[in-house]
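Reading through the structure tokens given below for one structure.
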Protein chains: 2
Amino acid sequence: MTETPTRKKWKQDPEAVQANILAAAAEEFAEHGLTGARVDEIAARTRTSKRMIYYYFGDKESLYRQVLEEAYRKVRSEEAALDLTSLPPLDALRKLVEFTFDHHRANENFIRLVMIENVHKGKHLAESPLIARVNPSAIERIEDICARGQKDGSIRSDVSPHELHWLISAASFFNVSNRFSFGISFNKTLFTHDGQQKLRELTCKAVIEAARKP
Amino acid sequence: MTETPTRKKWKQDPEAVQANILAAAAEEFAEHGLTGARVDEIAARTRTSKRMIYYYFGDKESLYRQVLEEAYRKVRSEEAALDLTSLPPLDALRKLVEFTFDHHRANENFIRLVMIENVHKGKHLAESPLIARVNPSAIERIEDICARGQKDGSIRSDVSPHELHWLISAASFFNVSNRFSFGISFNKTLFTHDGQQKLRELTCKAVIEAARKP
DNA sequence: CCATTAATGTACCATTCAGTTAAAATCAAT
DNA sequence: ATTGATTTTAACTGAATGGTACATTAATGG
């Protein structure tokens, strides 16, 4: 018996390995935060090894930064699929709110990553040049709605697109991010199916009334 | 020279020591989160030693739980000072929104602790029997407003106190919790003094319009 | 087919950190 | 005075964890 220390055979596939690591890291970071995440645990979630994490990503913090970037990129590109240009302004606004509300609920891990990044005071986002490029698209849609609404007189001019986006985001984000503390402190019925339908409609109405010209 | 290993004189004051530890821990946990916080660093922030932390609080997680409880207790008691019963319902509602918006801004560490606890999915809040007792008071005020408003016909009956509280909280909380990511992604002008005044007014209007009977 | 570089596997190291131990000193109450 | 609770000091432990060293295999170009 020649003792060949059995070593796995493998194909070279850098992109797949990196994508696999990013996906595993995204889950681990979303679950436990930057400091709570364990590199060994990320490695265990991959088809490869810890060695490769450091080979491709340098260190834990760089990996985290790239996970963040990837998450933003993915979410913004999904949002881009929404076409609102064919609807009257206030209808478009309602559709945007509904979409955002639903989309946030469906992307809890993205919400969690953003929460975590805010606990870190946005330090890593600030270091990422990509973010500044990818995010404005979220504003542009609402700017278009406001511009059309002011032209046809349906939307008031003393409320800015940024403010409307802030209000939509606040409700949609908080609904996911704080449902644990809110549910424990108050009423879990808000987070049942019916409760969520009501909050969704409440958010729509609140945003539309804030935008509508009287 | 007799070498007396100099040792501090001290008063026995268990409560002060515990309060000092809790305050130090609150800062460290708010700054770095549960996993990011360092017990040695908490000790360094106190007038006493790491030994005493374990003497009184057992372990890091128990300390964290008590920090959370203390933070909720403090915030709710500050809120309790607000008296709205003498105002007409919609005026009371406006005052409540303004107060909440301002209060959240003024208590960033509380916001941070709640964010952190939500990253942990509310696990520690759920274990704390105190929370269930201290929080309903926040709802009662708004229930009173709604009851009076339905009696005098100023507030609609198809929107619940919980929903209104959710909307007020969402805007006020998000405004503090997400200002880093939001500011980086979009526009920092929302977080200047003028910007905050506008968001505060936007929130008031949105909530009041959501509540007002047409 | 050989040399070289990129990619991967395995084992290990160094440090950090929550929690402990031990002993003594001091306080407060009886 | 005795006693138990509180506080100080300071070193220590053991596990967890971020990061590396070094060997090995795959692909590539000549």
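The chains referred to below are lettered A, B, ... by the order of the sequence lines, with proteins before strands, and numbering in each begins at 1. Keep in mind that the numbers below use all heavy atoms, side chains included, and drop hydrogens, waters and symmetry copies.
- Following rounding to the nearest Å, F57(B) (CZ) and dT20(C) (P) show an atom-to-atom distance of 16 Å.
- To the nearest angstrom, P of dT20(D) lies 14 Å from NZ of K60(A).
- Side chain of N118(A) to main chain of S181(B): a donor-acceptor pair is present (N/O by atom type, distance under 3.5 Å, no hydrogens or angles).
- Backbone-only contact: A37(B) has heavy atoms under 4.0 Å from sugar-phosphate atoms and none from a base.
- Residues of residues 11-21 of chain A having a heavy atom closer than 4.0 Å to DNA chain D, listed by number: K11(A), Q12(A).
- Within the 3.5 Å criterion, the main-chain N or O of L125(B) finds a donor-acceptor partner in the side chain of E117(B).
- Taking every side-chain heavy atom of M52(B) into account, dT6(D) is the closest of dT20(D), dT6(D), dG9(C).
- No more than 12 heavy atoms of other residues, nucleotides or ligands shown are found within 6.0 angstrom of CZ on R47(B).
- Checked against the 6.0 Å centroid threshold, H165(B) and F182(A) count as a close aromatic pair.
- A straight line from CZ of R51(B) to P of dC12(D) spans 17 Å, rounded to a whole angstrom.
- If you measure from atom OH of Y55(A) to atom P of dT25(D), you get 17 Å, rounded to the nearest angstrom.
- Between Y54(B) and dT21(C) there is no side-chain polar atom (N or O) within less than 4.0 angstrom of OP1 or OP2.
- Neither OP1 nor OP2 of dT10(C) sits under 4.0 Å from any side-chain N or O of S49(A).
- Heavy-atom neighbours of Q197(A) CD from other residues, nucleotides or ligands within 6.0 Å: above the threshold of 12.
- Rounded to a whole Å, the CZ atom of R38(B) is 4 Å from the P atom of dC17(C).
- Counting distance only, with no hydrogens placed and no angle test, the side-chain atoms of K50(B) and the base atoms of dG19(C) include a donor-acceptor pair under 3.5 Å.
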Please evaluate residues E28(B) and K60(B) with respect to the criterion salt bridge (charged side-chain N to carboxylate O under 4.0 Å, His left out), reporting the C-alpha separation (whole Å), side-chain torsions for both, the decisive distance (0.1 Å), and the verdict. CA-CA 12 Å; E28(B) 175 74 6; K60(B) 192 187 185 185; over 6 Å; no
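- Spacing between atom CG of D40(B) and atom C1' of dT9(D) amounts to 14 Å, rounded to whole angstrom units.
- Of the candidates L68(A), L34(A), N109(A), F29(A) forms a side chain to side chain contact (heavy atoms under 4.5 Å, CB included) with just one, namely L34(A).
- Atom CD in E61(B) sits about 15 Å away from atom C1' in dC17(C), given to the nearest Å.
- Note: CG (D59(A)) to P (dG19(D)) measures 5 Å, nearest angstrom.
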